[in-house]
Protein chains: 4
Amino acid sequence: MLKPKRLPAEKRKRVIIRAAIEVFSESNYRVAKISDIAARAGVTDPMIYKFFSSKSILFQEILKKTSSKTLQDFLEQDFFYMEKITCKEHFRLAIEKSLFSYFSSMEKYRKELKIYFQAISEVDEPDIEKVLKDSYQNYASLYESILQKGAEANIIQLEMSAKAIAWDIIGFMIHQSTLFLMGFYVEEDTKKLLNQRVSMWIP
Amino acid sequence: MLKPKRLPAEKRKRVIIRAAIEVFSESNYRVAKISDIAARAGVTDPMIYKFFSSKSILFQEILKKTSSKTLQDFLEQDFFYMEKITCKEHFRLAIEKSLFSYFSSMEKYRKELKIYFQAISEVDEPDIEKVLKDSYQNYASLYESILQKGAEANIIQLEMSAKAIAWDIIGFMIHQSTLFLMGFYVEEDTKKLLNQRVSMWIP
Amino acid sequence: MLKPKRLPAEKRKRVIIRAAIEVFSESNYRVAKISDIAARAGVTDPMIYKFFSSKSILFQEILKKTSSKTLQDFLEQDFFYMEKITCKEHFRLAIEKSLFSYFSSMEKYRKELKIYFQAISEVDEPDIEKVLKDSYQNYASLYESILQKGAEANIIQLEMSAKAIAWDIIGFMIHQSTLFLMGFYVEEDTKKLLNQRVSMWIP
Amino acid sequence: MLKPKRLPAEKRKRVIIRAAIEVFSESNYRVAKISDIAARAGVTDPMIYKFFSSKSILFQEILKKTSSKTLQDFLEQDFFYMEKITCKEHFRLAIEKSLFSYFSSMEKYRKELKIYFQAISEVDEPDIEKVLKDSYQNYASLYESILQKGAEANIIQLEMSAKAIAWDIIGFMIHQSTLFLMGFYVEEDTKKLLNQRVSMWIP
DNA sequence: GATGAATGAGCTTTCATTCAT
DNA sequence: GATGAATGAAAGCTCATTCAT
């Protein structure tokens, strides 16, 4: 092993997270050992604790980071640049594009996705449960507020509460993620389904 | 402690398996402790080892038992009583009914289903991987042979190999199971999808 | 396994001891399991406890039984039938014959011998230590009393106490037993050595 | 508890080995508990596992280390500095001296010797058997090669193969070790026997 | 008289985590 | 700032032994 370089804290932290993502995704939260992660990151065990106060916290940070990063990707593309959305059809398209963009990024985030599904088995740890819920909540809130805005601006009319629709959208995302991880994802099918759903959500 | 009742081996084994199913399904394979299972079954740890030589074996036995029990349920209903199946439509119906019967039993086997999905995270243990694969394989073989028979009897014509179709059927089952566990299962939707698929499988 | 016959207690006990001798001699006191012994004897574990209150007791009984049996063999041959021993030379011959008879029986008692040497590693259990010592003591006492009788009858003259000589005889027996178990026993050599020693003991 | 001193790994390992030698030699491999050894070494159980991956490995390392240490002592004294050995008499003397040096060191290695004899009861563990055999083999090879050299240089003439003689030498060593441990070792006697044997080996 | 059922007690081993240097 | 040394706590598993039937 190469002599461990002195890295600036932020960088080192990122290296550790990257290593942890790999190690966790290769087995699971319980089987993965701190020392495996440390070895993969090229540091010693206590270094992990310098940045993350416990294994659980490290796991949670991964969940949070992944969630916020994908959310970021999302916002940056700004599918919902309202100036451009002037009619229902545009609105529908924006929803479609945003979701499809998520589906397209699944390959890139395959490992993180696996970790998300592991997390489901760990919901008896309340902290983990919270992070998991929050992460879904963020997405839901985003869609909820967008739908709200669209409705307020009279661009669209909703038949259900914005919240209910938002959570159905999240459900669809999770569902497709599962299909993806299990090897059942077929882009064409999803596209069609997505189209149908959008018509349902925004009638 | 309540005075430990003496049970004949077969009964005790069943009690332990039941307890293990509960304990495993409430958290996961790694988190569940032998002593939790023992306590739930109202026995001491060593009793577990009288019946199952290791925790992993116990887990595997649950997987196997569940698999063979649901398969049994299946065979007993004999959807494929060939004397009665004389035309393609009957054949299609038999497939539909058999699958729908499986979907209907998911609620009954919710815990076992959860354990099956936990097992996916444990496939780095080769024994567990094998049991998992075998269990799917059994179902696949069943459908394969049925399709084969139907084709040989000229009741149906297949556009793909019986094997490929069989595995697509399994995929559909797994997919619906996932939806179910995640709370996304809607009987109506599944019925429609099932209908479509059957038309695909048996054109 | 054949249905366990109802055996008279004494016979059953002997069967168990025989099984225990085999099982112990094949590994060692700690590694040998009660259930192995029971299986070998064709009985269930609790049966062992019917006859021997603990594993240690069973081990001790083997030591005792072996000791008394070989001692018995010894006495029966009556090398020291005093009427026939009228001179030093006869006395020496009796000693020689008695020891040589022991050496000749080592093959027959190989397993028991192994157990004796195992017992040495277990002397931290005081009971076992006692049995071991007693067993040597019995032999020693025998020789001591014979030497005493010989001296009192003026057949032989001793240069050391009868006790000291007796224990040296025991030492020689143990030594030869060790050689035997380790595969270094050569009858010819032992015969010569024995002859020398006898001259020493009875000058 | 006394505050646990921090020791560099090498030192700590030596402390543990020393403790293990004592604890093993005081009872036996099965009776000695890891926690006994840890306590004796003034550490907690897991420290043992930092250095030795299992109890069996620890035991084996002791056997190996002892074997290589005594062999080292041996080689350092260089009884077989060939320049000085020019005639049969010198050669014989070298053999005698080397063996006698070993016998003289038995007191120093009494505990290790006891452990070696324990190991015999544990030969059903194949790893232990191997270590034991290798350890004897090393000594045998040493003597074999020396005898070979002597014969090739025409300093001595052998009546048997160098290998056979080498193993007879090992047998003699083991035998004397046994006598020593059982309290029957008498330097004088051994010297005489040794002298005889050497005449046999190198006639 | 014999056994199947059950357990107490204990051992090896693992791992997240801390702390002195 | 980084690490090697050390441990607390617990888990899986084994085995001699007991007891109800």
Side-chain angles (χ1 to χ4, degrees), chain A residues 3-9 12 30-38 43-50 52-58, chain B residues 1 3-13 30-38 42-58, chain C residues 3-9 12 30-38 43-50 52-58, chain D residues 1 3-13 30-38 42-58:
Chain A
K3 189 179 175 131
K5 287 188 194 127
R6 288 206 165 202
L7 286 176
R12 169 121 310 163
R30 299 290 162 172
V31 172
K33 287 182 273 178
I34 286 287
S35 57
D36 295 339
I37 295 168
V43 299
T44 54
D45 295 19
M47 277 273 37
I48 309 277
Y49 288 92
K50 183 93 188 289
F52 308 94
S53 52
S54 74
K55 188 185 179 183
S56 175
I57 293 283
L58 168 56
Chain B
M1 203 189 310
K3 75 166 160 192
K5 279 185 200 136
R6 300 188 136 232
L7 252 50
E10 256 328 294
K11 224 165 194 167
R12 175 102 308 162
K13 191 171 180 181
R30 299 289 164 171
V31 171
K33 306 300 167 212
I34 287 288
S35 56
D36 297 338
I37 295 168
V43 294
T44 51
D45 297 16
M47 280 274 32
I48 309 284
Y49 288 94
K50 194 186 163 193
F51 296 102
F52 308 95
S53 55
S54 73
K55 189 184 174 183
S56 175
I57 295 283
L58 168 55
Chain C
K3 188 175 176 134
K5 283 182 195 135
R6 290 205 165 204
L7 286 176
R12 172 121 307 167
R30 299 290 164 173
V31 171
K33 288 181 272 177
I34 286 287
S35 56
D36 295 340
I37 295 168
V43 298
T44 53
D45 296 17
M47 275 273 43
I48 308 278
Y49 288 92
K50 182 93 190 286
F52 307 95
S53 53
S54 74
K55 189 184 177 183
S56 175
I57 294 284
L58 168 56
Chain D
M1 204 188 309
K3 74 164 158 193
K5 282 190 198 127
R6 299 189 136 229
L7 253 51
E10 256 328 295
K11 224 164 196 169
R12 174 100 313 159
K13 191 171 179 181
R30 299 289 164 174
V31 172
K33 305 301 164 209
I34 287 288
S35 57
D36 297 338
I37 295 168
V43 295
T44 51
D45 298 16
M47 278 278 26
I48 309 284
Y49 288 93
K50 194 187 162 190
F51 297 102
F52 308 95
S53 53
S54 74
K55 188 184 177 185
S56 175
I57 294 283
L58 169 55

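Reckoned from all heavy atoms, side chains included, excluding hydrogens, waters and symmetry mates. Order of the sequence lines fixes the chain letters, A, B, ..., with proteins taken first and strands second; residue numbering starts at 1 for each chain.
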Which range-with-range stems can be found for DNA chain E when each stem has 3 or more Watson-Crick or G-U pairs in a row and both distances sit under 3.5 Å? E:2-21 with F:2-21
What one should report as the nearest heavy-atom pair of D:Ile57 and D:Ser53 is CG1-OG, 3.5 Å
Round to the nearest Å and state the distance from A:Ile37 atom CD1 to E:dA16 atom P. 8 Å
Within a strict 4.5 Å, meaning less than it, do heavy atoms of the A:Ser35 and A:Lys33 side chains meet? yes
Mind listing the closest non-hydrogen atom pair of D:Ala38 and D:Thr44 along with its distance? CB-C, 3.7 Å
Nearest-Å distance for atom pair CE/C1', residues B:Met47 and E:dA6: 6 Å
Kindly say if B:Arg12 contacts the phosphate of E:dA6, meaning a side-chain N or O under 4.0 Å from OP1 or OP2. yes
Nearest non-hydrogen partners of D:Asp36 and D:Val31, listed with the distance: OD2-O, 4.2 Å
Atom pair distance, as rounded to whole Å: NZ in B:Lys11 and C1' in E:dG4: 16 Å
Produce a footprint string for nucleotides 12-18 of chain F: one letter per nucleotide, 5' end first; B if the base is under 4.0 Å from any protein heavy atom, S if only the sugar-phosphate is, - if neither. SBBBSBB
Minimum heavy-atom separation for D:Arg30 to D:Lys55, with atom names? O-NZ, 3.6 Å
Send over the distance from D:Lys50 NZ to F:dA5 C1', rounded to a whole Å. 5 Å
Below 4.5 Å, heavy atoms only, C-beta onward: do A:Ile37 and A:Leu58 meet side chain to side chain? yes
At under 4.0 Å between heavy atoms, what does B:Ile48 touch on the DNA or RNA strands: base, sugar-phosphate, or nothing? nothing
Write down the distance between CZ (D:Phe51) and P (E:dT14), rounded to a whole number of angstrom. 16 Å
